[in-house]
4 protein chains.
Amino acid sequence: MPPIVSEEYKEKKKEQILTSALACFAQKGFTAATIDDIVAHSGISKGSIYNYYKSKDDIYIDLLNTNTSHYMEQITEQFSKLHSAIDKITFLFDHYINVDPQDEQRLGYVSVFYEFIFHSTRDEDIHALVTKRKNHLLKLMKDIIEQGQQAGEVKKELDPELYAYKFWIMIDGVSIQSVFADSPYHNVLAMLKQTYLEEIKG
Amino acid sequence: MPPIVSEEYKEKKKEQILTSALACFAQKGFTAATIDDIVAHSGISKGSIYNYYKSKDDIYIDLLNTNTSHYMEQITEQFSKLHSAIDKITFLFDHYINVDPQDEQRLGYVSVFYEFIFHSTRDEDIHALVTKRKNHLLKLMKDIIEQGQQAGEVKKELDPELYAYKFWIMIDGVSIQSVFADSPYHNVLAMLKQTYLEEIKG
Amino acid sequence: MPPIVSEEYKEKKKEQILTSALACFAQKGFTAATIDDIVAHSGISKGSIYNYYKSKDDIYIDLLNTNTSHYMEQITEQFSKLHSAIDKITFLFDHYINVDPQDEQRLGYVSVFYEFIFHSTRDEDIHALVTKRKNHLLKLMKDIIEQGQQAGEVKKELDPELYAYKFWIMIDGVSIQSVFADSPYHNVLAMLKQTYLEEIKG
Amino acid sequence: MPPIVSEEYKEKKKEQILTSALACFAQKGFTAATIDDIVAHSGISKGSIYNYYKSKDDIYIDLLNTNTSHYMEQITEQFSKLHSAIDKITFLFDHYINVDPQDEQRLGYVSVFYEFIFHSTRDEDIHALVTKRKNHLLKLMKDIIEQGQQAGEVKKELDPELYAYKFWIMIDGVSIQSVFADSPYHNVLAMLKQTYLEEIKG
DNA sequence: TATGAATGAGCTTTCATTCAT
DNA sequence: TATGAATGAAAGCTCATTCAT
């Protein structure tokens, strides 16, 4: 291996680690998953992992950061193709509808993510991170609603922030319920989408 | 102190352990909290704790069970004083509204409880327990809605199960958001209550 | 329970404890068997057991002592009915032949007993005890052989001590082999008996 | 020391652990000896020991396996130099005669080994192992006797299996007796050797 | 005497992290 | 940079023994 290595190479390596870490955390939970699990899953040596990340927590944090970035980028990209507020909201709902709630990988990821939130109760750094993510998403929704109000699509009298909260509250709630195999995930989401849209449409 | 201690005494001891356990789990999370933490918090010796509970998991499980029982009893008792479906739903919303979202103990409990749900993804026994709890609460709500439909208080055309889900989804979502200090917990809940009631009223 | 209790009562209680202790040690081995096992098996409370024995080791020691006494008494009694040396030796061989080598209780007991011997390597008190037992049995055999020599039944030229050793060595060896289910315990013992008797007969 | 240590290095390390383990087990017995004892004796860290062996039981098992292999190899090698059955049997007797019965290390090993046998009463895996060892040794002896019969050195009428058993029974018995410092180990063994050979010679 | 809850030292085992190569 | 053997603190749990009643 060359003593000097491109940034690109490093990025790729970190990504590999992150992918394996996510898989391991998803399968066993953050605490129960061990560095050796990540070693086994990634094929990267323990020493190497510690060259890229200074601790297990560090991996965890980068995982959330990277994932948040990806998610935001994805949405932004999709939104560039959409113009009306209602279309955007519809798109977001559909994003969650077009998902197999029982897909193991998805479930694993959901677990990791919400564990992270509760973990954050006890760690300031992580709390700040999670709060930032939440505020990003909230702002996104609030902007859409305000845009919709200006365009006359959305009722003027409703509080954009409150309705932005309502949106993410429903997503969070539905995600939690998706943990239960017998939940009517799709039906519920369809209903939530319909009533939410009716409720806000001007 | 021996010999032959009353059942009452034992119950009290278990309750002490549970109280300390909840405090420790709330502060550090289930995995990170140690038996020694519970020892320190409760003043009860390690050996004694293991006389009452056969493992840390066992404590965790009893914690959820006991809490669920208390919660269900409380609600059942209150419901006996209420008769219309709308009153009952209002009562439930108010139950969550009349809470300080930033109360440390409550936050701790919420963290422990939702961690439990995600933990359950990886442990069948716990999953069964959590599912049972969910189904209890779901049934409770469904029954209220059906009762309301029969009494003509609630729209006949809506699916009781779906709306029961919607209720708990909102509660879960709001509970998660309450982790963030800057969330407008009360305002959002008040709005959710109002729109939910309007939506279902016949 | 009366504050003053007869010696007889105490003896009976100790015997109960010893019986249960033997059963437990036989099943799990001395170290693995717990006082609670003995409590469960005997129905006698833990505190009570400690009234009669000051430690687990103490029980172990009394077990061997008592057992040795019983065994010696038994043999002595039987020997009173026999007169020739050859008859006595025959009786001893038959004592071991008339046994089901795979009887669980017997196997348990054999295990406990030999464990004791090896345990004794590390504990002077126990070593003294075990040595004393060995010497008792050795003397018993040596006396028989000498008696046989005087009576002209047994060859004069053989060393009584050496042949006494040989006898117990074979018994020990056979006992160990009996641990293996597929050992031809009876056939081997029958052969050992025959050749031993032939070897010593005058 | 990493990276990529030779197999040889690993073997040496395992051997070190085994040597220390044997010493500790010999001194205190398997159950009473602790991993920390092995750490102290070997100077190898606890974590490292667990890198090479996954449990205390595992060490115990490898100890027996390794020892059995060495013993069998040793015998096989020596046997290649010997041809007559009587020579081989003589060699085996002498192998036990040429030993200091009070040598601490030997005594330790004997204790560990026989404890193992009795331990095996309660553990199927270990029982299988010990049974296999016993059958190996039995077969070895039986083959020698049969070879001797074919060559006319050994009486044709005696049952090879029974006499193979007799041989090992005597070795076991003598080994047990060697625990007692005052046993005439050498004299007894010499006598056993002489009478056994006379008994079987054709 | 009898009881069994209480105790805590001590056990085996795990695992994040380090560091010599 | 890459490797993986080494480390040891810390975890969950057991159990002989004590002692208040």
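Each chain gets a letter, A, B and so on, in the order its sequence line appears, and its residues count up from 1.
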Can you check whether C:Y50 has a side-chain N or O nearer than 4.0 Å to OP1 or OP2 of F:dT17?
-> yes
Can you check whether C:I44's main-chain N or O pairs, donor with acceptor, with C:S48's side chain at less than 3.5 Å?
-> no
Has the side chain of C:K54 got a donor or acceptor that lies under 3.5 Å from a partner of the other kind on the base of F:dT17?
-> no
Select from B:S48 and B:T31 the residue whose nearest nucleotide in DNA chain F is closer to the 5' end of that strand.
-> B:T31
With nearest nucleotides of DNA chain E determined for D:A32 and C:I44 from heavy-atom distances, which residue corresponds to the more 5′ nucleotide?
-> C:I44
Which nucleotide in F:dA11, F:dT1, F:dC15 has an atom nearest any side-chain atom of B:T34 | F:dA11
Sugar-phosphate only, base, or nothing, as touched by D:S45 at under 4.0 Å among non-hydrogen atoms = base
Answer yes or no: side-chain N or O of A:K46 and base N or O of F:dT3 forming a donor-acceptor pair under 3.5 Å.
-> no
Using both distances under 3.5 Å as the test, list the Watson-Crick or G-U wobble partner of F:dT21, or none.
-> E:dA2
Distance in angstrom units between B:F25 CZ and F:dA11 P, rounded | 13 Å
Using a 4.5 Å cut-off on heavy atoms from C-beta on, say whether the side chain of D:T31 contacts that of D:F25.
-> no
Distance, rounded to the nearest Å, where D:K13 contributes NZ and F:dG4 contributes P | 16 Å
A:K14 NZ - F:dT1 P separation (whole Å) = 12 Å
Atom pair distance, as rounded to whole Å: CD1 in A:I49 and P in E:dC19 = 18 Å
Ignoring backbone atoms, establish whether B:Y53 has a side-chain N or O less than 4.0 Å from OP1 or OP2 of F:dC13.
-> no
Nucleotide F:dG12, atom C1' - distance to CZ of B:F30 in whole Å | 11 Å
Is there a Watson-Crick or G-U wobble partner for F:dA10 with both distances under 3.5 Å, and if so, which one is it?
-> E:dT13
Donor-acceptor pair, side chain of C:D58 and main chain of C:K54, under 3.5 angstrom | yes
Between A:I38 (CD1) and E:dT17 (C1'), how many Å, whole number?
-> 13 Å
Could you tell me the separation between the CD atom of D:E8 and the P atom of F:dA5, rounded to a whole number of Å?
-> 16 Å
Ion pair check, C:R122 and D:E115, cut-off under 4.0 Å = yes
Side-chain N or O of A:Y9 closer than 4.0 Å to phosphate OP1/OP2 of F:dA2 = yes
Complementary nucleotide for F:dC15 - Watson-Crick or wobble, under 3.5 Å | E:dG8
So does D:K56 reach the base of E:dT13 with its side chain, donor to acceptor, closer than 3.5 Å?
-> no
For E:dG4, does either OP1 or OP2 sit under 4.0 Å from a side-chain N or O belonging to B:K10?
-> no
Specify the separation, in whole Å, of atom CG of B:D36 and atom P of F:dA9.
-> 16 Å
Over 12 foreign heavy atoms within 6.0 Å of CD, A:Q16 | yes
Regarding D:D37 and D:T34, is there a side-chain donor-to-acceptor distance under 3.5 Å anywhere?
-> yes
With the side chain defined as heavy atoms from C-beta on, A:I35 is closest, among E:dT17, E:dT12, F:dT1, to E:dT17
Does B:N51 make a side-chain donor-acceptor contact with the base of E:dA5, cut-off 3.5 Å?
-> no
